[in-house]
Structures are given as C-alpha cells and as structure tokens.
Amino acid sequence: MATANGAHLFDHCGSNSRFIHFTSRNTTSKLFLTKTSHFRTPKRSFHVNNILTDKIHHPITEQGGESDLSCFAPDAASITSSIKYHAEFTPVFSPERFELPKAFFATARSVRDSLLINWNATYDVYEKLNMKQAYYLSMEFLQGRALLNAIGNLELTGAFAEALKNLGHNLENVASQEPDAALGNGGLGRLASCFLDSLATLNYPAWGYGLRYKYGLFKQRITKDGQEEVAEDWLEIGSPWEVVRNDVSYPIKFYGKVSTGSDGKRYWIGGEDIKAVAYDVPIPGYKTRTTISLRLWSTQVPSADFNLSAFNAGEHTKACEAQANAEKICYILYPGDESEEGKILRLKQQYTLCSASLQDIISRFERRSGDRIKWEGFPEKVAVQMNDTHPTLCIPELMRILIDLKGLNWNEAWNITQRTVAYTNHTVLPEAMEKWSYELMQKLLPRHVEIIEAIDEELVHEIVSKYGSLDLNKLEDKLTTMRILENFDLPSSVAEFFINPEISVDDDTETVEVHDKVEASDKVVTNDEDDTGKKTSMKTEASAEKDIDKKTPVSPEPAVIPLKKVRMANLCVVGGHAVNGVAEIHSEIVKEEVFNDFYELWPEKFQNKTNGVTPRRWIRFCNPPLSAIITKWTGTEEWVLKTEKLAELQKSADNEDLQNEWREAKRSNKIKVVPFLKEKTGYSVVPDAMFDIQVKRIHEYKRQLLNIFGIVYRYKKMKEMKAAERKTNFVPRVCIFGGKAFATYVQAKRIVKFITDVGATINHDPEIGDLLKVVFVPDYNVSVAELLIPASDLSEHISTAGMEASGTSNMKFAMNGCIQIGTLDGANVEIREEVGEENFFLFGAQAHEIAGLRKERADGKFVPDERFEEVKEFVRSGAFGTYNYDDLIGSLEGNEGFGRADYFLVGKDFPSYIECQEKVDEAYRDQKRWTKMSILNTAGSYKFSSDRTIHEYAKDIWNIEAVGIA
C-alpha cells in the first residue's frame with residue numbers, strides 16, 4: 001500500500017515489522033569527494049581521488065522479515081576513500097601524520113556517514129507515518145565504545161578492516177583509541193543502552209533521552225591509598241558520533257515564584273533561566289536500516305547573559321556566573337549531595353532532563369498533529385518510560401505544561417499524564433528510594449510543588465474513600481506509608497476523620513478531656529528522657545496528685561520536628577499507569593513489601609519485566625571465537641536475533657569435539673586478558689588458572705567483602721600447608737575485581753583499599769606463586785567488561801538475598817559460558833532455573849529469611865562461625881599491611897547500631913560461601929564436567945536477551961508497533 005510523500009508500506013507475513021521504502025532526499029547517493037588530495041608523512045602516504053559509491057537508495061531485499069543490507073554495502077575501496085576524505089576535510093588533528101587517534105576519528109566519521117543516511121530515513125518514516133513512539137528517560141546510558149558495534153550492526157566489519165589495512169592500520173588498534181562515553185556508571189545505564197540497541201534492532205519507534213555529562217562520574221585510579229577519582233576526559237577532543245542540533249533548544253527555569261494572573265491562571269515567573277541544547281547520537285540496529293536517536297541535553301545560557309560590564313570592571317567571576325551555573329548542571333554524573341549545593345545541583349539535573357525532554361516530545365507531537373491538535377490523543381502517540389526515580393519530575397512537569405501552557409484543566413491533564421507515563425523500579429534499598437527536601441524543592445521548583453501537593457491531596461482522598469471503613473489507626477498507617485508528602489499534616493478536607501471523639505472522664509480516673517487531633521509527634525510517654533537520653537524516674541502517685549491540685553503548668557520538651565520530604569517513588573506509582581520490577585523475585589518484593597499498599601489499591605498497575613542484555617555487543621562482537629562456535633554448532637547465525645536457538649547447544653553439550661573447541665575459545669580469550677592485566681595492574685597471571693571474576697559497582701550489599709574474606713581464608717589455609725599439599729587441595733585461581741566506589745561512600749572505598757592490600761601481599765608471596773593471584777582492575781567500564789567477561793570461568797553474584805533488583809552482568813557472564821556462584825537474588829533465580837541447578841553454585845540465606853536473621857542478630861543470638869572469626873583476626877594481625885581496618889571489620893561486629901551488626905549478613909553466609917567454593921574447585925578439576933556446565937550456561941541464557949524484554953515493554957506497557965525502514 002502507498003502513503004503520502006512517495007512512501008511505500010509493505011506488510012510481510014511472519015514478520016513483526018512493517019517495512020517502508022522512501023524515495024526522498026535522504027536516500028540519495030552521497031558524493032564524498034570531488035577533488036584530489038594528498039597525505040605525505042615520513043612513514044606512509046596515500047592518494048585520494050575516489051567516491052564512495054554507496055547504493056543505499058535501492059530497495060532492500062527482504063528475507064524472513066529482516067533487512068538484507070548487503071545489496072548496498074560499500075566496499076573496502078570506497079571506505080578507504082571515505083576515511084582519507086575525513087582525515088583531510090573534517091580534521092581534528094594536524095595534517096602531517098596519520099596516526100592512530102586521527103585514524104579513529106576519520107574512521108568514525110566515515111561510519112557516521114553511513115549511519116546518517118539510515119538515521120535520516122528513520123526520521124522521515126516516524127514523521128510521515130506519525131506512529132506512537134516510546135521515549136526512554138534515564139540519567140545514565142553506559143554506551144561503551146561505538147565503532148565496532150556500529151560497523152558490526154551495519155555488517156561492514158570486514159570491509160572496514162580491509163580499508164584500514166590498506167591505510168597501514170589494524171581495525172582493533174584503531175577501535176582501541178575510542179574512549180568509553182562517560183554517560184553512566186553501572187547496571188542502570190548499561191541496561192538503558194542495551195534497550196536502545198534492541199529497540200533499533202527490532203524496528204520499534206523509540207528514542208532515548210539523557211544528559212551530556214562533560215566529566216562523567218569519574219575516572220578511577222588505584223594507588224597505595226586505594227581509590228582516587230579524577231575527571232573523565234572523553235569529550236576533551238570531542239566525539240565523532242554526536243551531532244549538535246543547534247535548532248533544538250528549550251528554556252529551563254529554576255527558582256522564581258508563582259503568582260495568579262488576572263485570568264485566574266497560575267504563572268511561574270522570575271528566577272534563573274537557562275537553555276538545554278540537543279546533541280544526538282545515532283543508535284543503529286543490527287541487520288536493519290532503523291537508526292534511532294539518543295538525545296543528550298547540554299546546558300548553557302545565551303551570550304547576552306555574559307556580564308561584559310562586570311568583566312571589564314575586573315569582576316571576572318561575577319561576569320561568568322550565569323554561564324558557570326548553567327554549564328555545571330551537565331558536568332558530573334551524580335554530583336556529591338552531602339552539601340546543600342550538591343543537592344540543588346542533582347535536582348537541577350533531574351529537572352533539566354525531564355523538562356527539556358518533555359518540551360521536545362510535546363513539540364514533536366504538535367508538529368506531527370498539524371492544525372488538528374487533540375490533547376486527549378497524546379497518550380496514543382507518546383509513551384514515556386522513567387528508568388528509576390530520577391525522571392520522576394516528568395509527572396508534575398507534564399502537568400505544568402498541559403495546564404499552564406496548553407490551557408487544559410486539571411482532570412484532563414491528570415488523565416493524559418497517567419496514561420502517558422510508566423515507571424521502572426530498580427531497587428529495594430530504602431536509601432535509594434529518592435526523597436527530596438520539601439523546602440529545597442519548593443525553593444527551586446515552586447510551581448511543581450503546588451502540583452505535587454494537589455496530586456497528594458487527590459491520593460489522600462482516594463485512600464480515605466477506599467479504606468475509610470478501616471480502623472482509624474490502620475487507615476492512618478496506610479496514609480503514612482502511601483502519601484507522596486512525608487511528615488505533613490492531613491489536608492483539612494479529611495482531617496476530621498482523625499479527630500478523636502471527646503472523652504468525658506470521671507474524677508476517680510484522674511484523666512483529662514481530649515478535644516484536639518492527635519499528631520504522631522504528640523504520643524504520650526510514660527517514662528520521660530533527659531537531655532542525655534537516660535530515663536528519669538517516674539513520678540509518685542502522690543506527687544502527681546499534688547501537681548494536679550496545684551494545676552502547675554508543665555513545660556513540655558520541644559518536639560523534634562521531622563523534615564518534610566517529597567517521596568519520588570510514591571509519586572511515580574501514583575502518576576504512572578504501569579510499575580514494573582526487573583526480575584521475578586524483585587517484582588514480588590515490590591508487590592509484597594516495597595509498594596504493598598499501592599499494589600492492594602491498584603493491582604493492575606504492577607508487572608514484571610526481567611532485564612536483558614543485547615546479544616550483539618555481549619556475544620557476537622565481544623567474543624568472536626565463541627560466536628563462531630555457536631554459529632557452527634547451531635547451523636545458523638540467526639541466534640544473534642533469535643536467542644532461543646542457543647538452546648540447541650544443549651543436545652551437543654557432551655560432544656567431545658564441541659568441548660575441545662569451547663575450551664580453546666575460552667583459553668584464547670584468557671590469553672588476551674593476560675597482557676591487559678599486566679599493563680593495568682603490573683601483575684602477571686597465567687591463562688591456565690581459573691579466572692574468578694567479580695566486576696560491578698562497589699557496594700556493601702553486593703558483598704565484595706565476602707569475596708575478599710573468602711580469598712583471605714583461602715590464602716591463610718595455603719600458608720598453613722606444605723607446597724605439595726597446596727597444589728593437591730587448591731585449584732590455581734586469578735581473582736579479578738573491578739568497579740567504582742562512589743566518591744563519598746567511605747565504607748565502599750575501604751573495601752577497595754582492602755582488596756588492593758590483600759592483592760599486594762598475596763601476589764608478592766613466593767610460596768604461593770601462581771596458585772593464587774588477586775587483581776583489582778582500575779576504571780572498570782564497558783570496554784574492560786568486553787575483554788574480561790569472555791575470559792571468565794567463574795563469576796561472583798553474591799549480594800545479600802532480596803537486595804539486588806536484577807543484575808545484568810550475571811546475564812552477560814552466562815551468555816559467555818561462565819559458571820556462576822551466587823545467592824538466590826535478582827535474576828540469579830531465573831538464570832539458575834534456565835541453566836539448570838547443577839550448573840550454578842548456590843549458597844547463602846534466602847530472601848524470606850533475611851528479616852529473621854537480622855532480628856536474631858539484634859537479639860544477640862547470632863554465633864559467628866569460627867572460620868569467620870579466624871579471618872578477622874588474621875586481618876587484624878597486620879598480615880596485609882599497617883592500615884587500620886577496625887572500621888571495616890567493625891561493621892561486621894556488634895548486634896545493633898548504624899554501620900554495625902553486619903547488616904548485609906557477610907558473617908552469616910561466610911561458612912556456606914567457602915564450602916561452596918570448595919565445590920567449585922572440585923568441579924573445575926574435572927574439565928569435561930566444567931566445560932559441559934559452561935556450554936549449558938550459554939544454552940540456558942537465551943531468555944536473557946534484551947530483545948525479549950523490549951518486546952514485552954512494547955506490548956504490555958507502551959503499546960507500540962515495529963516499523964522497519966526499507
């Protein structure tokens with residue numbers, strides 16, 4: 001069937017997608033070069049007089065619903081010419097030399113040319129068909145390097161490798177010049193990036209929105225003092241991928257005041273004004289022309305805001321104040337928030353992301369609607385997904401725009417907002433459930449606070465309407481738990497429900513009449529406390545009577561007024577039409593514990609969407625040896641798009657030929673890691689040892705401390721044995737750690753310091769040699785993961801049960817045939833089910849036991865294992881240096897108190913953990929058994945593709961359809 005503007009729509013049987021062919025300005029051939037140029041260097045020279053004759057304007061042949069890109073793929077000669085063109089005519093380096101950094105930029109620009117054609121065609125389709133589009137808002141996008149992923153998705157890896165060889169360079173060396181984009185930190189950002197890859201690959205109309213952080217989180221250095229942080233430099237010479245859209249910018253306001261106009265409307269006026277400018281990054285799909293956008297916002301002010309008079313008067317700092325205040329919003333991911341200024345900056349970041357993105361989305365909706373804008377149809381064209389609570393301000397911001405700027409009434413705006421927005425919860429940790437100071441938010445975003453107050457009042461009315469027949473105490477408990485505003489009086493409209501009935505009293509009982517509403521802070525206490533917190537003696541009955549007779553006024557101690565807060569997670573649940581967890585066990589915890597009252601009120605909102613990772617980046621491109629084996633033994637490359645075909649490896653898991661090939665692929669990946677570890681850490685390791693890896697954000701609940709305590713125990717036992725006995729009892733291991741501790745998270749930084757101290761001792765112990773090595777890889781990122789994960793034998797996912805929402809690194813390791821040791825936490829539960837219980841090393845307490853175990857500890861009934869006490873004593877003996885680890889070890893001791901009492905149950909799970917590690921050694925000695933386990937891990941990982949997850953989001957939450965570009 002045909003559409004306007006020369007578009008042709010094809011429906012394909014058996015395909016999830018519709019394919020559109022456009023004959024438009026964006027699908028014509030490009031002339032890359034019209035002149036001759038020369039490069040001359042002492043080492044190499046080349047001549048440029050070629051044209052990249054790409055054939056991308058021809059229709060694409062369809063095969064099974066997938067786009068066949070081979071019919072228009074440029075060859076090595078045209079790519080060589082294109083790279084040379086960009087080296088000379090879009091330079092960021094001097095012309096004299098063609099060295100690796102310059103080769104990378106020229107190559108990336110050449111790749112971007114191919115992407116731009118597809119990108120523009122994708123834009124055209126979305127504009128002309130005006131289909132519903134999903135928008136994924138996230139504070140993080142942990143992209144990794146883009147070059148190899150882009151040319152892999154375009155199926156041009158071989159052609160670019162040949163072209164660079166013609167120019168005297170190796171593709172792998174050129175690709176290594178690319179810095180990782182410093183736009184994220186951990187699993188939250190990597191998940192967002194995997195989702196974008198799947199959205200593009202599956203031809204779903206969607207965009208990502210984030211912030212363009214100049215200095216990222218930080219670059220991690222490891223010194224004798226532990227972790228040190230320095231600013232990231234990924235944008236120091238610019239990014240060859242991004243395109244600044246100077247015509248796309250939006251005003252952002254902070255502070256000011258809200259007043260009522262003569263028309264009765266509320267107006268947000270005055271304050272601080274900046275603008276957000278769009279920088280777009282193309283995200284290509286695999287074997288498809290669909291190329292979607294990651295739009296990043298950068299903050300600035302107009303040149304007119306530069307105070308020239310102040311500058312010329314010598315007040316240089318004052319002159320630049322407006323620019324500095326605007327630009328610093330996008331300096332750092334997660335700036336320290338212990339200071340008031342840090343909190344303000346974080347809230348500015350969150351609002352900038354939400355406001356700029358929503359203004360952009362609404363502008364697009366209005367443009368596509370033309371003269372017939374029907375706001376009630378907005379949710380039929382727009383789906384906004386909030387990745388965790390950081391984008392929560394989307395809810396009041398969308399309300400503000402619809403009411404204040406577009407003239408809708410409250411009910412209309414609220415209906416549209418709830419139908420548009422959805423929320424993904426990523427944590428059960430109380431400290432990660434964002435709560436903002438009401439006072440701070442009111443100062444920074446006064447209009448939004450008014451809207452939040454109105455939403456909260458509506459919520460209170462709904463709760464009272466639903467549960468008004470309950471006992472008043474139970475109703476008050478529900479309101480206390482569910483309200484968006486914390487530590488607030490009830491709205492006057494419902495306060496009457498909580499006025500205690502007048503109590504008449506006999507003289508005999510010596511009680512008083514009660515008329516006023518009782519607040520939480522007015523609880524009657526029988527034992528008073530003095531200023532030191534010690535209980536004072538109770539008054540005698542006689543003295544109490546005497547006080548009553550004299551009617552002596554009693555001056556109560558001033559009540560501590562709790563800080564008023566805004567609960568962002570509650571606002572997400574109330575304001576969105578869907579709430580999803582990210583693993584089956586996590587989603588159950590969300591329903592049964594975290595948001596149980598909301599689940600009882602709105603059960604239809606709650607869903608599970610188990611996380612997934614893209615098989616393109618995490619097997620196909622990062623592990624070519626394993627990819628070749630999978631293709632050979634499944635008989636097809638379709639597994640890259642249809643990961644269920646990985647399950648076919650199960651039937652060959654005992655095959656000796658497959659096992660030999662599998663082991664050789666693993667060893668070749670380990671050999672690549674050996675020089676990398678030497679370069680980054682100075683330590684030499686052997687590839688024949690077991691590579692035991694834990695790489696993730698450093699946090700107490702992730703329990704890197706349990707891992708390193710287990711290593712210390714292993715080392716101590718080795719030292720107590722003779723050499724021959726050591727070799728008999730222990731399998732050689734290289735224990736690899738990686739991950740960043742947040743700059744102000746003191747305990748996490750102590751753990752990093754401890755790991756490096758243990759490594760320094762063990763790695764220099766000649767008695768131990770290659771039997772045990774401990775390595776901390778600095779500045780862990782996506783590129784490091786792409787090297788380490790294919791080389792892993794064992795991976796550690798050992799968080800306290802019930803505290804990891806899902807995890808995604810566990811999925812990447814499983815895909816690469818790595819066997820896991822872990823607790824029943826997050827996606828571990830589902831991974832174990834899929835790969836088989838016998839192919840997963842399980843230990844530790846389960847989620848339903850955790851509360852009871854903490855109570856046991858608080859009651860003083862916990863008895864630590866002797867082996868655990870032995871390790872603590874060994875550390876305190878100075879075996880790993882002179883650093884005082886009392887604060888670190890002290891967190892594992894005592895029965896109560898902040899930072900004490902082993903809240904994450906390291907001591908409780910330690911015996912189970914080290915006994916499970918003995919089973920690991922036993923299995924690794926039997927390489928046939930171990931290899932079979934490895935194969936079955938890859939075979940069972942098929943469920944954990946982000947393609948599966950995105951299909952579920954598209955169907956169950958966003959209600960969008962796939963449309964391919966042809």
Side-chain angles (χ1 to χ4, degrees), residues 613 615 618-620 622-634 639 643-673 686-695 731-736 785-798 807 809-822 827-828 830-842 916-945:
V613 301
W618 293 112
I619 312 182
R620 179 67 180 86
C622 79
N623 198 342
L626 184 62
S627 297
I629 292 171
I630 294 171
T631 299
K632 174 183 174 181
W633 286 84
T634 61
W639 62 268
T643 51
E644 60 271 19
K645 292 190 175 293
L646 293 174
E648 296 179 14
L649 292 169
Q650 293 172 351
K651 61 188 178 186
S652 304
D654 286 308
N655 185 287
E656 188 174 345
D657 290 336
L658 172 58
Q659 288 201 358
N660 288 335
E661 292 175 23
W662 201 271
R663 281 192 291 270
E664 184 55 38
K666 180 68 71 174
R667 192 173 192 279
S668 69
N669 288 325
K670 291 166 77 171
I671 288 172
K672 285 177 63 177
V673 168
V686 292
D688 294 319
M690 178 200 299
F691 279 21
D692 174 355
I693 301 180
Q694 187 179 19
V695 282
V731 166
R733 286 203 198 197
V734 178
C735 300
I736 302 172
E786 289 172 342
L787 192 62
L788 293 181
I789 290 174
S792 60
D793 293 304
L794 180 75
S795 62
E796 311 244 356
H797 305 277
I798 57 178
S809 65
N810 45 10
M811 302 172 183
K812 297 161 196 162
F813 280 102
M815 280 185 172
N816 283 273
C818 179
I819 300 156
Q820 304 189 32
I821 180 170
N828 284 2
E830 293 159 78
I831 289 173
R832 183 169 176 261
E833 289 173 357
E834 297 299 328
V835 305
E837 295 179 7
E838 69 280 7
N839 302 308
F840 186 105
F841 294 103
L842 178 67
C916 193
Q917 288 285 13
E918 291 172 3
K919 295 176 183 176
V920 171
D921 275 10
E922 179 185 349
Y924 193 76
R925 288 188 184 96
D926 183 349
Q927 277 294 293
K928 185 174 182 179
R929 174 191 170 194
W930 187 271
T931 306
K932 179 179 179 180
M933 294 171 70
S934 175
I935 295 168
L936 292 174
N937 264 265
T938 297
S941 68
Y942 71 92
K943 178 182 175 181
F944 304 105
S945 165

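Note that these values count all heavy atoms, side chains included, but never hydrogens, waters or copies made by symmetry.
Rounding to the nearest 0.5 angstrom, the gap separating the CG atom in N655 from the CD1 atom in I935 is 8.0 Å. The OG atom of S652 sits 11.0 Å away from the NZ atom of K632 when rounded to the nearest 0.5 Å. Note that CG of N839 and CZ of R929 are 8.5 Å apart. Values are rounded to the nearest 0.5 Å. Remark: S809 OG to E796 CD distance equals 11.5 Å, nearest 0.5 Å. Once rounded to the nearest 0.5 Å, the distance linking CZ of F840 with CD1 of I821 reads 8.5 Å. Remark: I630 CD1 to M815 CE distance equals 9.5 Å, nearest 0.5 Å.
Judged purely by distance below 3.5 Å, without hydrogens or angles, the side chains of N816 and N623 pair a donor atom with an acceptor atom. Side-chain contact annotation: S627 with R620, donor-acceptor N/O pair under 3.5 Å absent.
Listed here is the closest heavy atom pair of L794 and C818: C-SG, 3.4 Å. Nearest heavy atom pair, residue E661 against residue I629, reads O-CD1, 3.3 Å. When all heavy atoms are compared, the tightest approach of T938 to W662 is OG1-CZ2, 3.3 Å. The two residues A827 and G807 have their closest heavy-atom pair at CB-O, 4.2 Å. Residues K645 and T634 approach most closely at O-CG2, 3.6 Å, considering heavy atoms. When every heavy atom of A665 is checked against every heavy atom of L626, the shortest pair comes out as CB-N, 4.3 Å.
Between I619 and K812, every side-chain heavy-atom pair lies at or beyond the 4.5 Å cut-off. Taking the side chain as every heavy atom from C-beta outward, M811 and S941 never approach each other to under 4.5 Å. The side-chain heavy atoms of L842 and E837, taken from C-beta on, include no pair separated by under 4.5 Å. Put simply, the side chain of F813 does not reach to within 4.5 Å of the side chain of L788, judged on heavy atoms. Within the 4.5 Å cutoff, the side chain of E786 has heavy atoms near those of the W618 side chain. Looking only at side-chain heavy atoms (C-beta outward), V734 and M690 stay at 4.5 Å or farther from each other.
In E922, the CD atom is not crowded: 12 or fewer heavy atoms of neighbouring residues, nucleotides or ligands sit closer than 6.0 Å. More than 12 heavy atoms of other residues, nucleotides or ligands sit less than 6.0 Å from atom NZ of K943.
Considering R663, Q659, K666 as possible partners of T931, the one that fulfils the side-chain hydrogen bond (donor to acceptor under 3.5 Å, both in side chains) test is R663.
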Show your reasoning for whether salt bridge (Lys or Arg N to Asp or Glu O under 4.0 Å) applies to R733 and D793. CA-CA 10 Å; R733 286 203 198 197; D793 293 304; over 6 Å; no
Give the C-alpha distance, both sets of side-chain angles, the deciding distance and a yes or no for side chain to side chain contact (heavy atoms under 4.5 Å, CB included) between L936 and M933. CA-CA 5 Å; L936 292 174; M933 294 171 70; 5.9 Å; no
Could you go step by step and tell me if F944 and E834 meet the side chain to side chain contact (heavy atoms under 4.5 Å, CB included) rule? CA-CA 10 Å; F944 304 105; E834 297 299 328; 4.0 Å; yes
Apply side chain to side chain contact (heavy atoms under 4.5 Å, CB included) to the pair I789 and C622, showing each step before the final yes or no. CA-CA 9 Å; I789 290 174; C622 79; 5.9 Å; no
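Using a 4.0 Å cut-off between a side-chain N of Lys or Arg and a carboxylate O of Asp or Glu, K928 and D654 do not qualify as a salt bridge.
W930 and F841 have parallel rings, their planes meeting at less than 30° on a 0 to 90° scale where 60° marks the start of perpendicular.
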